[in-house]
Amino acid sequence: MTSGSVAQACLFAAALLWPAAATADGQDWSDFNGNVMGQKYSTASQITPANVKNLAVAWSLHTGDISYGGPGKLPKTQWQATPLFVNNTVYVSTPFFRVFAIEPDTGKVKWIYAAKTMSNNPKAPFHGRNRGMAYWAAAHPVAGQPCQKIIYIGTVEGQLHAIDADSGQLCQAFGDHGILNVNQWNVINPKFPFELNQPPVVYKDMLVLGWAGIDSVWQASPPGSVFGLDARTGAKIWDFQTIPANMRSKIGTANVWAAMSVDVANGLVYLPVSSPENNYYGGDRLQDMPYATSVTALHADTGQVAWSRQLVHHDLWDLDINSAPTLVDIPKDGKTIPALVQATKMGFLFVLNRLTGEPVYPIIEKPVPKSDIPGEVAAATQPWTTSLAPTVSDHFPGISALADWAGGGQCSRDYATYRDEGRYTPPSTRGSVTMPPTAGGVEWAGGAVDPTTQTYVVNSSNIVRIYQLMARGDYNKQQKKGAAGGWQPDYGSAYASHTFNFFNAWGMPCWNPPYGTLSSYDLKSGKLLWRHPFGQVQQWGFYMPESWGSVSIGGPAITKGGLIFIGASMDSRVRAVDLKTGNVLWKHLVAAPAVATPAVYTYKGRQYVVFAAGGNNLVAPRVGDQLVAFALPN
Amino acid sequence: MSRPSYGYGSWLIILASITGLAVSYFDYVTPETGIDQSGGVQLVLAAMALMLGAGLVVALLGPGGARSLLRFLILLDIVGTATAGYFLESPLLMGTMMIAAIGWFMSLSARAPEKSP
């Protein structure tokens with residue numbers, strides 16, 4: 001064996017050991033998605049279908065970081081942060097970019113770190129939105145030295161803060177005295193600062209970081225990029241650009257605004273890449289952009305592309321690939337396939353070999369409708385997979401008789417004026433029925449998997465929106481008259497856009513329920529095990545029938561005990577669902593829709609499930625600041 | 001043995017409407033109910049206030065067409081509020097409306113109050 005091969009062997013062994021070190025006793029929740037493989041799975045088994053009915057509040061706290069919106073006030077907060085449980089501490093970040101370190105069994109606050117933000121950049125938009133933190137721990141900690149365990153939180157202004165996980169103090173070696181200005185790399189069309197809503201993902205001693213921004217205002221906005229950073233210092237190791245070099249000056253985004261996942265053993269990081277600007281008109285970007293709306297695997301050490309698969313060609317629907325793919329090994333046909341499951345806004349579940357990007361279940365290219373917009377050339381075909389039953393139908397589910405009656409026939413009349421040729425009907429000037437639209441399908445939390453049985457669970461919404469375009473000249477005239485309310489300007493593009501829910505005048509959905517579902521699949525066979533309407537619509541306080549389901553944001557967590565824990569629905573309830581049957585076994589009201597995936601952990605022999613009940617006005621108007629942990633009675 | 005007057009049933013309706021007001025006010029101001037600050041509870045508050053007023057009028061007024069109309073409106077109020085209670089998932093409100101319904105039926109079977117000579 002040469003010295004080189006010895007080194008390789010050592011590296012391989014280290015890579016194998018790394019996940020074990022990161023998850024300690026297997027009861028941690030060390031990442032936004034539970035672990036860096038995006039599995040949202042806990043080995044905790046104390047809470048079972050038999051005893052879950054006894055689940056009760058163990059502790060609850062209110063962070064105080066909440067805004068109800070309204071004239072002259074901050075916009076409504078959107079708290080989508082999944083807490084972490086690491087270092088024998090629960091950590092949670094808030095929409096005001098504060099980090100709380102909390103005792104896991106009592107809910108008592110150990111320390112609070114408040115990121116200074118929104119004060120030094122008047123151009124920074126405040127969205128009151130946060131999706132959590134990342135955690136890194138040195139493989140060989142130096143005794144007595146601070147920052148051997150670090151919590152990272154990003155801000156709306158592109159600042160990444162590194163905080164000592166024990167003390168809550170900034171790590172001076174990172175960036176500029178603990179704060180890295182990621183916005184320094186925002187150099188092409190910097191119309192807005194990089195918004196670091198989503199935490200980076202940790203790979204060995206590196207962070208891999210994407211960013212969010214503002215959609216549909218400028219076509220020439222910042223082009224998508226992802227950074228590989230030194231976890232200790234914040235030094236940039238590599239960057240990856242998603243848009244071809246010759247297009248970056250005129251076309252923006254195709255960013256990675258959602259969580260990512262990592263295959264540590266194989267040194268691969270998986271990027272869910274969003275759509276480019278203009279989100280709804282592509283006549284100015286007819287050139288091939290292979291990484292846009294794709295899942296792309298990079299070699300995590302170098303940032304070089306390992307493989308990439310575009311999941312929507314020439315995206316005209318803002319169908320960002322928006323969740324970290326779920327990595328799981330699937331025994332199939334006598335082999336074990338290193339796979340990933342990419343949930344999508346389209347409701348398609350793409351199962352790929354995560355080393356090669358090749359489909360595990362077939363993907364076909366299917367002809368789709370043409371655009372009738374001058375200058376636009378819609379893709380002739382789109383990737384299609386039905387081996388795992390899509391979570392969303394290919395066709396409009398029909399006019400709701402109740403909504404149509406209540407609206408005096410408005411739904412039917414409006415529908416007759418729109419263009420509807422099924423999935424991937426391009427936007428049009430008269431309005432196109434779009435299902436699923438940008439709101440999904442599956443949103444940014446993605447699905448969960450039980451890696452021991454290869455059971456995959458995902459919640460999904462059935463939403464119909466109308467996509468409408470207006471030529472620039474007409475838009476300018478309307479704007480001068482003050483009649484362009486609700487339209488997105490898409491400056492620099494030949495068309496402005498307007499997207500809206502297909503509701504009647506009372507705000508009732510014009511399409512038939514269910515509005516949301518929870519589904520379970522056997523990844524070994526691709527078989528749908530069960531699908532049920534999930535959650536309840538709540539309007540004016542009234543709960544609609546359970547058979548209608550609810551739109552949902554926030555994902556499920558699976559436990560070894562045979563349960564699925566999930567908030568996500570409009571009705572501000574959190575639920576425990578039987579993994580085998582899909583039956584709801586327990587539910588509990590919390591302060592607002594729990595639009596973050598819950599975290600599951602075990603501490604001092606007791607299993608806890610903790611939800612951040614913060615709300616999101618995409619789901620319901622109610623907002624909250626409650627962090628609540630449930631456990632079985634002592 | 002004489003039958004009870006209109007009053008007993010009407011006073012039960014009044015009691016139920018006061019209880020309904022209290023329940024719906026609690027629902028309106030208490031975040032833990034999940035229906036606080038909602039339009040549905042505002043509707044119930046208004047319905048309970050109307051039922052209280054109508055109940056008082058029925059209890060205090062003598063027989064006549066207005067009383068029959070008010071009793072019909074009270075019935076609509078009871079059914080509507082009970083339905084709202086069902087969709088608000090408020091069992092207390094539904095229970096209160098059950099009491100109001102009992103009062104309403106009692107008032108049906110009761111005799112008119114005797115006028116003073």
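Every chain is numbered from 1, with letters handed out A, B, ... down the list of sequences.
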Return all side-chain donor-acceptor pairs below 3.5 angstrom for residues 12-22 of chain B, not counting sequence neighbours, or 'none' if the list is empty.
from  : atom 1 : to    : atom 2 : distance (Å)
B:S17 : OG     : B:I13 : O      : 3.2
B:S17 : OG     : B:I14 : O      : 2.8
B:T19 : OG1    : B:L15 : O      : 2.8

Is the number of heavy atoms from other residues, nucleotides or ligands within 6.0 Å of CD (A:E546) greater than 12?
->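 Result for CD/A:E546: open.
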Do A:W540 and B:V41 come close enough that some side-chain heavy atom pair is under 4.5 Å?
->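 The answer is no; the side chains never approach within 4.5 Å.
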Over all atoms of both residues, closest heavy-atom pair of B:T33 and A:L589 |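 So the minimum-distance heavy-atom pair works out to C-CD2, 3.3 Å.
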Residue pairs fulfilling side-chain hydrogen bond (donor to acceptor under 3.5 Å, both in side chains) with at least one residue in residues 47-58 of chain B, sequence neighbours excluded |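 Not a single pair qualifies under side-chain hydrogen bond (donor to acceptor under 3.5 Å, both in side chains).
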Using a heavy-atom cutoff of under 4.5 Å, enumerate the residues of residues 76-92 of chain B that contact chain A, numbered in order, or state 'none'.
->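 Residues in range: B:A84, B:F87, B:L88, B:E89.
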Contacting region of A:Q626 [heavy-atom separation from chain B under 4.5 Å] |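 Neither the backbone nor the side chain of A:Q626 comes within 4.5 Å of chain B.
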Gap separating the OH atom of A:Y543 from the CD1 atom of B:I35, nearest 0.5 angstrom |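 So the gap between those two atoms works out to 6.5 Å.
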Give every residue pair that meets the salt bridge (charged side-chain N to carboxylate O under 4.0 Å, His left out) criterion with at least one member in residues 26-36 of chain B, sequence neighbours excluded.
->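 Matches after skipping sequence neighbours: A:R622-B:D36.
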CZ/A:F500: more than 12 non-hydrogen atoms of other groups inside 6.0 Å =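 Enclosed: over 12 neighbouring heavy atoms sit under 6.0 Å from CZ of A:F500.
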So which part of A:Q539 gets closer than 4.5 Å to some heavy atom of chain B, the side chain, the backbone, both or neither?
->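 Contact with chain B is absent: no heavy atom of A:Q539 under 4.5 Å.
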